[in-house]
Protein chains: 2
Amino acid sequence: MVTERMTTRAIDPEAGGDGRGDDRDGFGTVFGNGRGGDASDRQSGRAAGRGNGAPATLSDVAREAGVSIATASRVLNGGTRKVRDDLRGKVMQAAERLNYHANAYAQAVAKGGSSNIALLVSDISDPYFAGVSQGVVKAASQRGVTVSIAVASNGEDELDRVRGLVATRPRGIIISESENVNDSARQELQEELERYRSSGGRVVFILDRGLPFPAVDVANEAGGRAIGRLLVESGYRRPVILKGNDGYRSSAQRYRGVVGALAEAGIMVDPRAVANGQFNRTKGFSAIMQMAGAGGMLTPGEGAVYGGAGADSIVALNDVMAIGAMTALRNAGIVPGRDIGVTGFGDIPYAVDVHPALTTVHLPLTDMGRAAVESVLSDDEYVADDSGRRLIFLQGRPDVILRDSLPRR
Amino acid sequence: MVTERMTTRAIDPEAGGDGRGDDRDGFGTVFGNGRGGDASDRQSGRAAGRGNGAPATLSDVAREAGVSIATASRVLNGGTRKVRDDLRGKVMQAAERLNYHANAYAQAVAKGGSSNIALLVSDISDPYFAGVSQGVVKAASQRGVTVSIAVASNGEDELDRVRGLVATRPRGIIISESENVNDSARQELQEELERYRSSGGRVVFILDRGLPFPAVDVANEAGGRAIGRLLVESGYRRPVILKGNDGYRSSAQRYRGVVGALAEAGIMVDPRAVANGQFNRTKGFSAIMQMAGAGGMLTPGEGAVYGGAGADSIVALNDVMAIGAMTALRNAGIVPGRDIGVTGFGDIPYAVDVHPALTTVHLPLTDMGRAAVESVLSDDEYVADDSGRRLIFLQGRPDVILRDSLPRR
DNA sequence: CTGTTAGCGCCTTCAG
DNA sequence: CTGAAGGCGCTAACAG
C-alpha cells in the first residue's frame, strides 16, 4: 500500500488542531445558528395552491373551471387541442389559480409508460462519467424526459441497481460502467436486461461490453494505435502501459491498438512494464508509486524494466490514470514530460490543467451521452440478432490531442 | 476574448486532417458494422416474463398463485408480514416465475407519495457538483430512494427545471446551484418552492442562498479568513482575488473573510486586483489571461496592480477557478507557486494533481450531499420562521490544506 | 389471516 | 366539441 498526499499537511486555522483528520469529520454536526432572518422570509403570503396541504388535482381544476374533468385534461395535458376557446381559457385560468401541476406518476400509470430514463454509472465524481452524465441529462431534458441516476461502484452493486432501476419502469436504461463483472453476475445482468427489454424497455451501453444490446462506442483500437504510432514517431521506445481490468473490453481494445502499432515499429513491450488495474486515478497513482518505489523499475539500473534500461514513457489507457501517474512520478522525483513522457486517453476537461498538459486522445464525452439518449428514445426496432446495427459509433477516427506531456525526444 | 489551448495542436492519426475541429464533429454519425456477433447473443431464450410484451402485474401473480390480489400485495410489497407460509410461498414462486416487479408509479399514485428525490445542479461535469452529486446519489440509494437529476446552466433554466421537477412530485428537492439569479426570477423561484413545500414537499439548498429554506452550509467566511491569514503568515502582501458572482452568497462570504483577515494585517486589496466572475474554470482562466495580457497588470511595471508592484499571489474563491488561473499563468510565462502563489477553495479531488499541488480549504463535498439527503428525508418539522434551525452546518471550522502552490516566501 | 371494495389522479374510448 | 364511464396497477380500510 502506498499512501498518498505524502507532501500534504493540514492545519486548522483557529487552533493548533490535529489537522484534517478523517473526511467524515464533523459530519452530522447539525446545529442551529442565530442569524437574523432575511426581510424576504415571510413576506410572500401569496395563495399557495389549496392553501393547506395536497396539491391541486385535475378534478379540482375542472370543478373550479366549471367543466368536466375530461375537458380539463384535454386542455392541460392532451396533445391535440380541440376545445372551445372560452372553455380552454377558463381551464387555464383555474389551473393557474390553483397552481395545478399534472401528477407525473398518475400519468404514467394511466398511459402505461413514463417519460423517464435511467442512467447507471460507476462514479459520478470521475470526470469521464461526469462528462457522459452531463450529456445524458442535457439531451434528455431537451426532449422533456427526466433522468434518474444511480451509481454502482462494483460489479455486485451493478445488478442490484439495475433491478432497482427496472422497477421504476423507465423508457430506457443507459449503462455506463467501466468494469466488467464476473461471469455469473454478467449472466444474471444479461438476463435481467433481456426481460426488461422484452417488456418494452430499451437498453444501451456506453462503450461496448459485448452484451447483446446496442452500445455507443468509440474507436478504441484506432485510438490506441494512434497513440502507439505517436510514441514511436516522437522517439519513445520503452513505454510502461497502464491498462484497466482485463475483462474490460474498451481497455483491451486500446491496449491492442497500442501494442500493435508498437510491434509494427519493432518494439516489444516488456511484460513487467504493463500494469493491470482499474480506470481510476488511484490505481494510476499506486501503480507508478509501486514501480518507482520497489527497486526503481522506472529509472535505469538494476531491476529496471526493459532489461535495466528503464522506462521512457507511460501510456495510460485512461486520463485519470495518467493524471494519477503524473503526480506519482513527481512524488518519486521524476519530472513528467521531461524525464518520462506521458499519454492518456479520453481528453477530460482537466487534461489541459495538469502540468505538463496531457497528450491524449479525444473522446466526445457529452456527445456519447447524447447519442445514448437518442438511441434509447428512438422508435427504431432494434435488431436482436447479431449482425449489424448493434454498435453506434461516434467518431470514425480518433483525434489525438498533442500537448506537452509527450515532447519529441 | 482570450482563446484557450493556445499551445494545443490536434492531429488526425490517419490523415493529415485539419485537426480536432468542433467538438460536435462526427456526432450523429451512426453506422452499422459487421462484427460477427458474440456466441452469447441468442443463446439465452429463458422465459421472459409473459413472453410477449407487458410486464407482469400484481393480479397476474395473484391469479397464477391462486390467491387474492390483496394477499399478493401483502407478501410482495407490504411491510409487516401476516400471511400464511404456504400462500406466501406460492405467491413468491409465482412472482419469480412471472418475473414480477412492482410498478413504482402505481405505487406512488396509490400511496400518494413517491420514493424519489430530485437534485438540481448547474453543471455535473464540474468536480464540485460531481462530488456533491455523488454524495446525494449514494446516500439516497442507501435509503432506497431514487434520485432524478437535472441541470440548469443559467438562472432562467433554474426556474424551468424546478417546475419540471416539482411535477414529478418527489419527496424532496435539493438545489445545488452556484449562481444567483436576478431578482424577479429569484422571487418566482421562491414562490414556486413555497408552493411545493406547502403541498408537503421538502426543499434544501446546498450552500445557503438566503432563501427561506433549510440549507446545508459550510464555514465560508471562516475559511476565507483562514486563507487570508495563511497568506500574510506566508509572506504575501499583494493578492489578486478571483471571486464569483456578486449575488452569490458563498462567494461574498469567502471574500469578506479573506479581505477581513488581510485588513487585520494592514493589507488593503487593490480594487483593480479583484475580478468578479463565476465559479468556473473558464472564468478563472480568462480573468488571469486578461490581467496578464493587457498591460501586464500582474508583473511589476507600468500599469501593474498595487501601484506598479504587481501581484504576488492569486486567491481564487473556488478550486476550478484557481486551476484555470494556474494554466493561464503558465500561458503568460509566469510559473505558479514560484513567481506567484495560488490558493483555491473546495479541495476537489484533482487539486492534488495540478502542479504545484493546490493549497486550498477543504470542503466535505460528499458529506454535504449526504446531509442534504438526510434533511430532505427527515420528518422533522421545519421552522418556517426565520430564527434558528435553518442552516445545517457541516464543519464548524474549516481545514486548510497546505500544498505547494503557496510556498513561504 | 384473507378476500372484497373503494379509491389514488389521470387518460381515453364512447356516446351525446 | 363535450361529458360520462371505465380502466391503468396498486394500496388501504373494511368485513369475514
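Given the structure is predicted, the values throughout are model-derived calculations rather than measurements. Chain letters run A, B, ... following the sequence lines, proteins first, then strands; residues in each count from 1.
Residues meeting the salt bridge (charged side-chain N to carboxylate O under 4.0 Å, His left out) test with D86(B), sequence neighbours left out: R84(B). T146(B) pairs by the side chain to side chain donor-acceptor pair (under 3.5 Å) definition with N116(B), not counting sequence neighbours. E192(B) is linked by a salt bridge (charged side-chain N to carboxylate O under 4.0 Å, His left out) to R163(B), R195(B), counting only residues two or more places apart in sequence or in another chain. For F205(B), there are no ring pair (Phe, Tyr, Trp, His ring centres under 6.0 Å) partners two or more places apart in sequence or in a different chain. Under the ring pair (Phe, Tyr, Trp, His ring centres under 6.0 Å) criterion, F129(B) pairs with no residue at all, not counting sequence neighbours. Taking the side chain to side chain donor-acceptor pair (under 3.5 Å) definition, one finds that D157(B) meets it with S153(B), sequence neighbours left out.
Summary of the strand contacts: G66(B) and R169(B) both lie near DNA chain C, and taking for each the nucleotide with the nearest heavy atom, the more 5' one is attributed to G66(B).
Across the protein-nucleic acid pair, N103(A) atom CG and dG9(D) atom C1' stand 14 Å apart, rounded to whole Å. Rounded to whole Å, atom P of dC10(C) lies 9 Å from atom CG of D60(A). dC10(C) atom P lies 9 Å from atom CG of L76(A), rounded to whole Å. Rounding to whole angstrom units, CG of residue L98(A) and C1' of dG9(C) are separated by 15 Å.
In this structure, T71(B) reaches the dG3(C) phosphate: one of its side-chain N or O atoms is under 4.0 Å from OP1 or OP2. Residue T57(B) has no polar side-chain atom (N or O) positioned under 4.0 Å from OP1 or OP2 of dG9(D).
Looking only at distances, a side-chain donor or acceptor of Q134(A) sits under 3.5 Å from a matching main-chain atom of I124(B).
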Exercise answer: donor-acceptor pairs, residues 104-111 of chain A side-chain atoms, under 3.5 Å, sequence neighbours excluded:
unit_1  : atom_1 : unit_2  : atom_2 : d
Y105(A) : OH     : S114(B) : OG     : 3.2
Y105(A) : OH     : T168(B) : O      : 3.2

Nucleotide N/O of nucleotides 11-14 of chain C paired with protein N/O under 3.5 Å:
unit_1  : atom_1 : unit_2  : atom_2 : d
dC11(C) : OP1    : N77(A)  : ND2    : 3.4
dC11(C) : OP1    : Q107(A) : OE1    : 2.8
dC11(C) : OP2    : S73(A)  : OG     : 2.9
dC11(C) : OP2    : N77(A)  : ND2    : 3.0

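Taken over five-pair windows at either terminus, the axes of the helix from dC1(C)-dG16(D) to dG16(C)-dC1(D) are inclined to one another by 40° (rounded to 10 degrees).
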